Protein chains: 2
Amino acid sequence: MARRGSYAKGVAKREEILDAALEVIAREGFRKTSVREIATAANLSQTGLLHHFASKNELFTEILRRRDEVDAVNASTDPEARFIDTFPMIIRHNSKVPGLVQLYVSLATEAPDPEHPAHKFFTERFEGFREELVAEIQEGQRSGEFNTRLNPELAANSLLALADGLQTQWLLTPTLDMAAHIEAAIESWRSDPKP
Amino acid sequence: MARRGSYAKGVAKREEILDAALEVIAREGFRKTSVREIATAANLSQTGLLHHFASKNELFTEILRRRDEVDAVNASTDPEARFIDTFPMIIRHNSKVPGLVQLYVSLATEAPDPEHPAHKFFTERFEGFREELVAEIQEGQRSGEFNTRLNPELAANSLLALADGLQTQWLLTPTLDMAAHIEAAIESWRSDPKP
DNA sequence: GTCTATATTCAGATAGAC
DNA sequence: GTCTATCTGAATATAGAC
């Protein structure tokens with residue numbers, strides 16, 4: 001903050017690195033990818049890159065954070081759009097970028113460790129999505145869109161867990177249609193049609 | 001097979017190792033646990049243990065396979081019991097052994113690699129559970145227990161994916177009640193009560 | 001801020017004695 | 001079958017020059 005532009009410059013460089021990382025992981029996949037490989041993709045040495053991040057784990061966590069930002073922008077230009085409605089599109093997009101899905105499940109697996117930077121990221125991410133979903137389900141129940149027998153908290157958790165589990169299954173069996181399963185789950189929430 | 005007892009003895013020793021491994025992982029947790037730690041728990045050196053397994057990855061895959069065997073026996077003494085009915089109990093039991101859950105999600109994350117021994121294990125495991133579930137759902141639809149609007153394949157995949165995703169969430173947030181979510185999902189399959 | 005070079009750590013695999 | 005000892009390789013992290 002003290003010197004002119006230094007802060008913004010640092011942020012810009014970080015984003016440049018993160019976007020290069022996203023691009024290379026989406027293109028080449030992610031399987032125990034090393035910091036060096038990301039550094040090469042960003043035209044930097046390993047140390048040049050780690051100058052901008054505290055550690056390997058922070059780097060990979062920030063890549064995921066950046067991915068969420070990009071996805072949120074791409075999913076909908078309408079700031080009023082519901083999460084419920086954009087979620088299937090995000091999932092469908094995931095099936096275009098297996099490397100990023102692999103990165104996501106890998107870090108999710110490491111996230112239980114409270115020392116890991118991904119711990120905070122996944123905890124907050126889950127909480128945020130969960131609260132948003134609960135609110136949307138409750139609103140849908142008031143409007144008559146969703147079945148009132150649905151428990152909003154259970155349904156919200158289950159949809160998010162379903163999405164995570166589908167990604168694991170899909171990496172193993174890429175013929176699985178993740179988005180179709182998500183859509184069917186949301187469909188099952190709807191009120192029975194009046195006879 | 002040629003010499004008396006040698007084959008059976010080898011199998012017995014493997015099982016002894018696997019049971020020791022299950023015990024220590026359940027008790028101490030699993031976080032990038034090394035072969036050496038498993039070896040120590042089984043009163044063996046690293047090489048003494050790896051004499052019985054081709055590699056680290058095969059060892060850990062076999063630990064999971066053994067876990068499934070033990071779980072299947074413990075879940076129900078009745079060979080006629082449906083998977084649908086024993087599944088919530090298995091999940092409930094999982095919440096007593098976080099180390100084994102951690103091992104499971106860790107290997108599941110590595111399983112997409114076709115060279116990894118866990119690849120075959122998870123593929124077959126998923127297929128087996130899926131087929132069993134599809135058959136039980138169809139039978140339940142014929143008997144009137146389950147809603148006939150349910151797509152059996154989608155529902156079966158979704159229940160298995162839900163279970164996987166819940167484990168990831170639960171490792172992050174151990175207050176989450178995995179079994180309650182599984183039970184709610186199965187409950188949602190039931191036919192609407194006649195008015 | 002970025003680099004080269006190196007220290008450090010660690011784990012899996014292997015050789016060969018008993 | 002089991003051990004001790006060692007090899008090998010990988011990858012992060014650090015020191016210090018430019």
Side-chain angles (χ1 to χ4, degrees), chain A residues 1-21 24-25 28-63 102-103 106-107 109-110 113 115-118, chain B residues 1-21 24-25 28-63 102-103 106-107 109-110 113 115-118:
Chain A
M1 295 293 219
R3 309 185 186 185
R4 65 180 155 82
S6 69
Y7 182 66
K9 185 112 180 272
V11 167
K13 184 66 183 178
R14 270 171 71 108
E15 292 202 348
E16 185 186 317
I17 292 169
L18 295 175
D19 287 338
V24 70
I25 292 171
E28 314 231 313
F30 176 85
R31 181 180 302 171
K32 302 234 174 279
T33 301
S34 67
V35 173
R36 265 187 182 82
E37 294 171 70
I38 304 293
T40 304
N43 281 104
L44 242 57
S45 70
Q46 186 227 25
T47 43
L49 191 157
L50 278 189
H51 174 77
H52 301 276
F53 300 90
S55 68
K56 166 202 167 183
N57 286 339
E58 196 206 284
L59 166 64
F60 283 119
T61 303
E62 290 305 308
I63 294 174
Q102 183 75 48
L103 171 62
S106 296
L107 275 203
T109 298
E110 296 174 11
D113 177 358
E115 302 302 301
H116 197 297
Chain B
M1 297 287 219
R3 306 181 191 190
R4 65 181 157 83
S6 68
Y7 182 66
K9 185 115 179 269
V11 167
K13 184 64 181 179
R14 268 171 73 108
E15 291 202 348
E16 185 186 317
I17 292 169
L18 294 176
D19 287 337
V24 71
I25 292 172
E28 313 230 314
F30 176 85
R31 183 181 299 171
K32 302 234 174 280
T33 302
S34 66
V35 173
R36 269 186 180 81
E37 293 171 72
I38 304 294
T40 304
N43 280 105
L44 243 58
S45 70
Q46 185 225 26
T47 43
L49 191 158
L50 277 189
H51 175 75
H52 300 276
F53 299 91
S55 68
K56 168 204 168 184
N57 286 338
E58 196 206 283
L59 166 64
F60 284 119
T61 303
E62 290 304 308
I63 294 174
Q102 183 76 49
L103 171 62
S106 295
L107 275 202
T109 297
E110 297 175 9
D113 177 358
E115 302 300 303
H116 197 298

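Computed over heavy atoms, backbone and side chain alike; hydrogens, waters and symmetry mates excluded. Convention: sequence-line order gives letters A, B, ...; per-chain numbering from 1. As the structure is a computational prediction, the values presented were derived from the model and not from experiment.
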Out of D:dT2, C:dA13, C:dG1, minimum distance to the side chain of A:H51 belongs to C:dG1
message = Using side-chain contact (heavy atoms from CB on, under 4.5 Å), reason through A:N57 and A:E115 one step at a time and then give a plain yes or no.
response = CA-CA 10 Å; A:N57 286 339; A:E115 302 302 301; over 6 Å; no
Between CG of A:L50 and C1' of C:dA5 the distance, given in whole Å, is 16 Å
Closest of D:dT2, C:dG12, C:dG1 to the B:H52 side chain is D:dT2
From CD of B:E37 across to C1' of C:dA11 the rounded distance in Å is 11 Å
A:F53 CZ to C:dT2 C1', in whole Å, measures 15 Å
Under 4.0 Å between a side-chain N/O of B:K32 and OP1 or OP2 of C:dC10, yes or no?
no
Residue set satisfying side chain to side chain contact (heavy atoms under 4.5 Å, CB included) with B:S45, at least two apart, ordered chain then number -> B:T47
dist B:R14:CZ -> B:H51:NE2 (nearest 0.5 Å) comes out at 11.0 Å
Taken in chain and number order and not counting sequence neighbours, the residues that satisfy side chain to side chain contact (heavy atoms under 4.5 Å, CB included) with B:E37 are B:T33, B:S34
To the nearest angstrom, the CG-P distance between B:N57 and C:dA11 comes to 14 Å
When rounded to whole Å, the NZ to C1' distance for the pair A:K56 and D:dT14 reads 17 Å
In whole angstroms, the gap separating P of C:dT2 from CD1 of A:I17 amounts to 7 Å
Tested for side chain to side chain contact (heavy atoms under 4.5 Å, CB included) against A:F53, the lone hit among A:I38, A:L18, A:I63 is A:L18
Using modelled atom types only, decide if a donor and an acceptor are shared between the side chain of B:Q102 and the backbone of B:K32 within a distance under 3.5 Å. no
For nucleotides 3-7 of chain D, list the nitrogen or oxygen atoms of the protein found under 3.5 Å from its nitrogen or oxygen atoms, one pair per line.
from, atom 1, to, atom 2, distance (Å)
D:dC3, OP2, B:S45, N, 2.8
D:dC3, OP2, B:S45, OG, 2.9
D:dT4, O4, B:T47, OG1, 3.0

Rounded to whole Å, CD of A:E58 lies from P of D:dA13 at a distance of 11 Å
